[in-house]
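Read the structure below first, then the notes.
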2 protein chains.
Amino acid sequence: MKKEETTEHQILDAAKDVFQSKGMDGARMQEIADKAGINKAMLHYYYRSKQLLFEAVFKNAFSLLAPQLNAILNDDSSIEDKIRKFTSDYTSFMMKHPYLPNFIINELNRNEDFILKLKDNTGFPNLEKFKTKVDSEIREGILKPIDADQLFVNILALNIFPFLGKPLVKALTKKDEKSYKAFVESRKIEVANFIINSIKTSIK
Amino acid sequence: MKKEETTEHQILDAAKDVFQSKGMDGARMQEIADKAGINKAMLHYYYRSKQLLFEAVFKNAFSLLAPQLNAILNDDSSIEDKIRKFTSDYTSFMMKHPYLPNFIINELNRNEDFILKLKDNTGFPNLEKFKTKVDSEIREGILKPIDADQLFVNILALNIFPFLGKPLVKALTKKDEKSYKAFVESRKIEVANFIINSIKTSIK
DNA sequence: AATGGGTTTAACCAAGTGGTTGGCAAAGAT
DNA sequence: ATCTTTGCCAACCACTTGGTTAAACCCATT
């Protein structure tokens, strides 16, 4: 039997669906059981409590996101290349997992202490290398002076916000589902240009 | 008796607290009643149902946010001035209402149709004037070519994200509450510069 | 003092809620 | 063949949920 067919995995799969679309408070154990096609008692048999099942789903989701961040932080390419690659890759990734950013941001806000449990994990993104690279490119005259933290938050903001605020942005810009998708797709390049334009010194 | 002391207003006030920090699903009618210091039956007496009380709170919150957006969209100043003013004003405003962005974004995601109820309201932000201004400044050579929708979303993203993703950003940049506040405060100017740098043509 | 409408309350209710239990059947283990 | 473990389920449980109700309480008008 494949791993994907075990009851335990079917539960996690169904729980992911329900928790990510309805959040911890809105999710119902019965709905998860129904979606997994098993008895509700099994949820507790394998995961003991709603809280623990939720944490399993959350850690799973975060472990999907973290490598996306590490990609930009830990490789050796130039800041410009990092930004271009990240902006394109991240957007593609999010188009495949549209619930993910909202789920994570939201549940972290609901329980701020929760992130402490993640910090211990190996693989939690670390900015040091990125900062060093930014500072050295500034010294070399490739980039205009900018605080690396600020730049990093700007990169995140421009990439994540269109997914977080999708309903709002859709309404404000009067786009339907199809044109919103095209809008986000074009941001893969637009956002990178926008950032680079701002931080790169003009070539003499 | 002042308006602020009526039972109806006390309920709305308490409901705002609870709904904004716990969301629709996490909020409890009993907690709202307790916080307002009145009997739970009064909530239904004045607002009939949890759903309607929630909608009252939500519309109230949105009507606080909408003018902030309209400020940048509807005045006659240059795009640069709009951006500088908005970035500073919006950040100040959000520091006073930290739960607001998350509440709105979140509940709009929970129920996409909900925004339709707001769209009808007069005062729902309209981008037309902003777009016209952007296009005319591009034609005048003040700005580099950029799609006005993209620019608008970038402005929103850079301003709102630090509030939406506060727990995540705090953890990633390893800032405590105090230094995070300073970080956000400095963005009032940093973000405006970041945007202007990117879109303004270099002066010959 | 009696009336009557708006306001407030304690007590209540039906429908869920997460979680538990005891037993059952198939699969190993002895 | 018998015992033990594992996976599974229907039924159940204590408790919470949003919402209701009928009676009380004010307080201005008569």
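Letters A, B, ... mirror the listed sequences (proteins, then strands); counts begin at 1. Note: hydrogens, waters and symmetry copies are ignored here, and every other heavy atom, side chains too, is used.
- Two residues are said to be in side-chain contact when any heavy atoms from C-beta on lie closer than 4.5 Å; V184(A) and K181(A) fail this criterion.
- In this structure, Y47(B) atom OH and dG18(D) atom C1' are separated by 17 Å, rounded to whole Å.
- Between Y45(A) atom OH and dT21(C) atom P the separation is 15 Å, expressed in whole Å.
- By the 4.0 Å N-to-carboxylate-O rule, K170(A) lies close enough to E177(A) to be salt-bridged with it.
- Taking atom NZ of K40(A) as the reference point, atom C1' of dA11(D) lies 11 Å away to the nearest angstrom.
- Between F19(B) and F103(B), the ring center distance fails the sub-6.0 Å criterion.
- The environment of K129(B) atom NZ is dense: over 12 non-hydrogen atoms of other residues, nucleotides or ligands sit within 6.0 angstrom.
- What separates CE of M29(A) from P of dC15(D) is a distance of 19 Å, to the nearest Å.
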Margin query: Using the rule given for salt bridge (Lys or Arg N to Asp or Glu O under 4.0 Å), can you reason through D75(A) versus K85(A), listing the C-alpha separation, both sets of side-chain angles and the distance that settles it, and then say yes or no?
Written below: CA-CA 11 Å; D75(A) 77 352; K85(A) 185 166 188 322; over 6 Å; no

Next item on the list: Report, as a single string ordered 5' to 3', how protein heavy atoms within less than 4.0 Å touch nucleotides 21-27 of chain D: B base, S sugar-phosphate only, - not at all.
Entry: B------

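- A donor N or O paired with an acceptor N or O is not found under 3.5 Å between the base of dG19(C) and the side-chain atoms of K50(A).
- Here R187(B) does not pair with E190(B) in a salt bridge; the nearest charged N to carboxylate O distance is not below 4.0 Å.
- Distance CD1 (I32(A)) to C1' (dG19(C)): 14 Å, rounded to an integer number of Å.
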Next item on the list: Applying salt bridge (Lys or Arg N to Asp or Glu O under 4.0 Å), run through K131(A) and D149(A) and close with a yes or a no.
Entry: CA-CA 7 Å; K131(A) 283 189 193 179; D149(A) 281 341; 3.5 Å; yes

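- Using a 4.0 Å heavy-atom distance criterion, A27(B) is classed as a sugar-phosphate-only contact.
- Between Q30(A) atom CD and dG19(C) atom C1' there is a gap of 12 Å when expressed in whole angstrom units.
- Using a 4.0 Å heavy-atom distance criterion, M42(A) is classed as a base contact.
- To the nearest angstrom, P of dG18(D) lies 11 Å from CG of L53(B).
- Taking atom CG of D25(B) as the reference point, atom P of dG16(C) lies 16 Å away to the nearest angstrom.
- R28(A) has no side-chain polar atom (N or O) that falls below the 4.0 Å cut-off from OP1 or OP2 of dG16(C).
- For the pair T7(B) and dT8(C), the criterion of a side-chain N or O lying under 4.0 Å from OP1 or OP2 is met.
- Within the nucleic acid shown, Y46(A) comes within 4.0 Å of sugar-phosphate atoms alone, with no base atom in reach, counting heavy atoms only.
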